[in-house]
Amino acid sequence: MAEVIRMPKMSDTMEEGVIASWLKKEGDEVSSGDVLAEVETDKATMELESYQDGILLHIGVNEKDVVPVDGIIAIIGEKGEDFQHLLNGEPTKAETKEEEVVETSVEAPKVEAVDTSGINATVIRMPKMSDTMEEGVIASWLKKVGEEVASGDILAEVETDKATMELEAYEDGVLLYTAVEEGSGVPVDGVIAILGEKGADFQALLDAEEVQVEVGPPVEEVIVPAPVVGNPGPATPAVPQPIPPSQPATPSTVSSNGRIKASPLAKKIASEKGIDLSEVTGSGDGGRIIKRDVEQFTPSQATKTEGAAPVISIPSVVGEERSEKVELSQMRKVIAKRLADSKFTAPHFYLTMEINMDKAIESRKSMNEIAPVKISFNDMVVKAAAAALRQHPNVNVSWMGDHMVKHHHIHMGIAVAIPDGLIVPVVRFADNKSLSHISAEIKELAQKAKDKKLQPEEFSGNTFTISNLGMFGIEEFTAIINPPDACILAVSGIKETVIVKDGEMQPGNTMKVTLSCDHRAVDGAVGSAFLKTFKDLLEDPVRILI
């Protein structure tokens, strides 16, 4: 029976391969383990090995052609076999000499609607608790099946992509059913529980939910074995022919340049088992060593040669390879999706400026002598950015695909790192707040973020974002835009350095900032003007207060 050979995924990042050269031609006989072609991947040039015997009936691509992973490369089968249906995408039907097949039609079962009008119970579904939420995880159930529930009671704690939030009941009743266990994920609008009067038939509600799920297309054809005429006796299973024991390597196993001919899989297995391939006899094409040769090989089969050089024993293991699978949290999944969409959709460009922070350092010291809370350099950056946005409203915009939104309010998003990833609490109307107010609010929001107690209105609605890594000693970096914002400001650490002023060198403190802009919404001149105003405000902080 003919089989399609497809482009395999030869590395974790491979999406397509190039046929560097064909080592077999149409009509050639092929054995399992033979190399059909050399394939150039994103990592290296590798050998494409056949895993069955037969005739190479069809080659679907030419040398140097690009083929996506799972794309059809070739077809192997019996000589003269019809393979055109495989190219047309038709399914392959099994052929047999001992039994015939008959076709029967099976209709898909008809699903009748379930009447739930008389059931005094309500299905509780997973709510959409944030603008980016696609599913939630039941962190813990606070009510058990059979317990009385009053409107306003908390049924469960739900972990979203932003925070852990409470799922509240909006009616009185008994918790009749819970659909998922703690730690399980539920998509938005998925069934979580059923709440109603005691003894209500909640199963009917579940049946009604199942009716709404698509059951798939009807089964049109089933192949059923027909009765065998006569008495052929019990079927005899095919018995594979035994493979003769491997013998010492023959000259054909080694190529003309001294390289041992072996498939990549055989080499890998040999390396793992510590087998010297020079001692293995190849049964593949031209004496090539294939997988089964290595698996059948035992050290006792190696031929000992008199007068051979002494064997040096080298430890096969000098360390331990250890890896572990880390399940992605809901927050990490959304961060990955949103930032990948931003990076590869929004055309980023970057503007970097160096700011003299000498006056800012002096001003902060003076402010903290009378401020009710300790003011940080990040608080000053937030206030200066908000003041600069007020003067440059064309930076305070959001890109919405087919239109832009220009915001007349200034809500500053502050990127905060937490154990699960990154979240952006929002300081609303930052341009109208004092430095002390901004400082106290940022501290409160940051603590809530780490405790996973932020409410949706506290991490949504930002019009501009600031990412500050200065506390880690980072001297310069670029940030990925936080959609739908059009810009994000990357703030680095303050560095003591030599500054040239009026032709003279003197010690000073500088800080680099980089503005990432979405070129669809903000042009270079607009972003540069904003950055210049921001620089002027920090180099003379008294202007922030005006």
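Please read these numbers as outputs of a predicted model, since none were measured by experiment. All residue numbers in this chain count up from 1 along the given sequence.
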Undergrad: Any donor-acceptor pair under 3.5 Å linking the side chain of Glu182 with the backbone of Ile138?
TA: no
Undergrad: Going from NZ on Lys450 to CD1 on Ile418, what distance comes out if it is rounded to the nearest 0.5 angstrom?
TA: 9.5 Å
Undergrad: For His411, does its backbone N or O pair with a side-chain atom of Thr463 as donor and acceptor, under 3.5 Å?
TA: yes
Undergrad: Which residue pairs pass the salt bridge (charged side-chain N to carboxylate O under 4.0 Å, His left out) test when at least one of the two sits in residues 481-493, sequence neighbours left out?
TA: none
Undergrad: Considering all heavy atoms of both residues, which atom of Ala415 and which atom of Leu422 are nearest to each other, and what is their separation?
TA: CB-CD1, 4.2 Å
Undergrad: Give, for atom OG of Ser492 and atom CE of Met511, the distance between the pair rounded to the nearest 0.5 Å.
TA: 8.0 Å
Undergrad: Test side chain to side chain contact (heavy atoms under 4.5 Å, CB included) on Ile335 and Lys333 and set out the steps.
TA: CA-CA 6 Å; Ile335 289 172; Lys333 289 178 183 177; over 6 Å; no
Undergrad: At what distance, to the nearest 0.5 angstrom, does CD1 of Ile72 lie from CE of Met7?
TA: 12.0 Å
Undergrad: Distance check, rounded to the nearest 0.5 Å: Leu515 atom CG versus Cys487 atom SG?
TA: 4.5 Å
Undergrad: Taking only Lys NZ, Arg NE, NH1 and NH2, and the carboxylate oxygens of Asp or Glu, determine whether Lys273 and Glu295 approach each other closer than 4.0 Å.
TA: no
Undergrad: Using a strict threshold of under 4.0 Å (side-chain N to carboxylate O), is an ion pair present between Glu327 and Lys325?
TA: yes
Undergrad: Quick check: does any side chain N or O of Asp65 sit under 3.5 Å from a backbone N or O of Val67, one acting as donor and the other as acceptor?
TA: no
Undergrad: Can you name the residues that form a ring pair (Phe, Tyr, Trp, His ring centres under 6.0 Å) with Phe349, not counting sequence neighbours?
TA: His519
Undergrad: May I have the step-by-step check of side chain to side chain contact (heavy atoms under 4.5 Å, CB included) for Glu26 and Leu57, ending in yes or no?
TA: CA-CA 6 Å; Glu26 285 189 4; Leu57 301 174; over 6 Å; no
Undergrad: Give the minimum heavy-atom separation between Phe83 and Ala2, together with the two atoms involved.
TA: CB-CB, 4.5 Å
Undergrad: Restricting to salt bridge (Lys or Arg N to Asp or Glu O under 4.0 Å), what partner residues turn up for Arg520, sequence neighbours left out?
TA: Asp518
Undergrad: Is the side chain of Glu135 donor-acceptor paired with the backbone N or O of Gly185 at a distance under 3.5 Å, no angle test?
TA: no
Undergrad: Ser32 versus Gln52: any side-chain heavy-atom pair under 4.5 Å?
TA: no
Undergrad: Can you list every salt bridge (charged side-chain N to carboxylate O under 4.0 Å, His left out) pair that touches residues 460-484, not counting sequence neighbours?
TA: Glu475-Lys495, Glu476-Lys512
Undergrad: Do you know the tightest heavy-atom contact between Ser528 and Leu351?
TA: N-CD1, 3.5 Å
Undergrad: Should the heavy atoms of other residues, nucleotides or ligands under 6.0 Å from CD of Glu134 be counted, would the total exceed 12?
TA: no
Undergrad: To the nearest 0.5 Å, what is the distance between CE on Met412 and CG on Asn396?
TA: 8.5 Å
Undergrad: Check whether Trp22 reaches the backbone of Val61 with its side chain - one donor and one acceptor, N or O, closer than 3.5 Å.
TA: yes
Undergrad: With a 4.5 Å heavy-atom cut-off, do Val191 and Arg125 have their side chains touching?
TA: yes
Undergrad: Counting only N and O atoms by type, is there a donor-acceptor contact under 3.5 Å from the side chain of Asn482 to the main-chain atoms of Thr465?
TA: no
Undergrad: Could you tell me whether a side-chain N or O of Arg338 sits under 3.5 Å from a main-chain N or O of Pro483, the two making a donor and an acceptor?
TA: yes
Undergrad: Tell me, please, which residues at least two apart from Lys406 pass salt bridge (Lys or Arg N to Asp or Glu O under 4.0 Å).
TA: none
Undergrad: So Val294 and Ile289, do their side chains get closer than 4.5 Å, heavy atoms only?
TA: yes
Undergrad: Please name the pair of heavy atoms, one in His348 and one in Ile481, separated by the smallest distance, quoted to 0.1 Å.
TA: NE2-N, 3.2 Å
Undergrad: Determine whether Glu38 and Leu23 make a side-chain contact, defined as any pair of heavy atoms from C-beta on separated by less than 4.5 Å.
TA: yes
Undergrad: Testing the 3.5 Å rule here: is there a donor-acceptor pair between the side chains of Thr352 and Thr514?
TA: yes
Undergrad: With side chain to side chain contact (heavy atoms under 4.5 Å, CB included) as the criterion, how do Ile192 and Leu167 come out once you've worked through the C-alpha distance, each side chain's angles and the decisive distance to 0.1 Å?
TA: CA-CA 10 Å; Ile192 299 177; Leu167 177 67; 3.9 Å; yes
Undergrad: Apply side chain to side chain contact (heavy atoms under 4.5 Å, CB included) to residues Ile76 and Ser50 and explain how you reach the verdict.
TA: CA-CA 9 Å; Ile76 294 177; Ser50 173; 3.7 Å; yes
Undergrad: Is the shortest side-chain heavy-atom distance between Ser398 and Met404 below 4.5 Å?
TA: no
Undergrad: Measuring only between side-chain heavy atoms, which start at C-beta, is Val416 closer than 4.5 Å to Val424?
TA: no
Undergrad: Can you find a pair of side-chain heavy atoms, one from Val30 and one from Leu36, that are under 4.5 Å apart?
TA: yes
Undergrad: Kindly compute the distance separating CD1 (Ile5) from CG (Leu48), expressed to the nearest 0.5 Å.
TA: 7.5 Å
Undergrad: For atom CE of Met400, is the number of surrounding heavy atoms from other residues, nucleotides or ligands below 6.0 Å larger than 12?
TA: no
Undergrad: May I ask you to test the Phe477-Ser467 pair for a side-chain heavy-atom distance under 4.5 Å?
TA: yes
Undergrad: If we ignore hydrogens and angles and just use 3.5 Å, is the side chain of Asp293 paired with the main-chain N or O of Ser283 as donor and acceptor?
TA: yes
Undergrad: Give me the atom names and distance for the closest heavy-atom approach of Ala486 to Val522.
TA: CB-CG2, 3.9 Å
Undergrad: Partners of Phe464 by ring pair (Phe, Tyr, Trp, His ring centres under 6.0 Å), sequence neighbours excluded?
TA: Phe530
Undergrad: Looking only at heavy atoms, which two atoms of Val426 and Ser460 are closest? And how far apart?
TA: CG2-O, 3.7 Å
Undergrad: Donor-acceptor pair, distance only, cut-off 3.5 Å: does the side chain of Asp523 make one with the backbone of Ala525?
TA: no
